[in-house]
Amino acid sequence: MGRVLSWLAGSRLGGAIAKWAAIALTVGLFLAAFRRSAERAGRLAERLEQMERINAAQRRMLEATTRRFRSRDELARRLRAGRF
């Protein structure tokens with residue numbers, strides 16, 4: 001086994017195999033890192049979408065509070081007038 005490895009390390013074929021193995025390893029690691037960053041970007045986009053929905057709901061709630069009745073008397077007057 002040691003003879004085969006030493007022969008490959010010192011031959012042209014061994015150098016070519018090592019070069020292509022290094023290239024394949026580099027490409028594989030790049031693709032793995034790219035996939036990981038794409039997953040992270042997807043999670044961040046989903047989180048942003050969720051925050052936008054939450055903010056829109058809170059904005060609607062705040063707008064609804066500006067249209068509420070100021071007092072019980074105002075509510076009673078509007079109910080008697082039929083303008084609820």
Show which side-chain atoms of residues 42-65 pair as donor or acceptor with protein atoms under 3.5 Å away, not counting sequence neighbours.
| from | atom 1 | to | atom 2 | distance (Å) |
| --- | --- | --- | --- | --- |
| N55 | ND2 | M51 | O | 3.3 |
| T65 | OG1 | L62 | O | 2.5 |

Identify every side-chain donor-acceptor pair in residues 13-26 under 3.5 Å, counting partners at least two apart or on other chains, and give the distances.
| from | atom 1 | to | atom 2 | distance (Å) |
| --- | --- | --- | --- | --- |
| T26 | OG1 | A22 | O | 2.8 |

Donor-acceptor contacts under 3.5 Å from residues 32-41 side chains, at least two apart:
| from | atom 1 | to | atom 2 | distance (Å) |
| --- | --- | --- | --- | --- |
| R35 | NE | E39 | OE2 | 3.4 |
| S37 | OG | A33 | O | 3.4 |
| S37 | OG | F34 | O | 2.9 |

Sequence neighbours left out, cut at 3.5 Å: what donor-acceptor pairs do the side chains of residues 68-75 make with other protein atoms?
| from | atom 1 | to | atom 2 | distance (Å) |
| --- | --- | --- | --- | --- |
| S71 | OG | D73 | N | 3.4 |
| S71 | OG | E74 | N | 3.3 |
| E74 | OE1 | R70 | N | 2.9 |

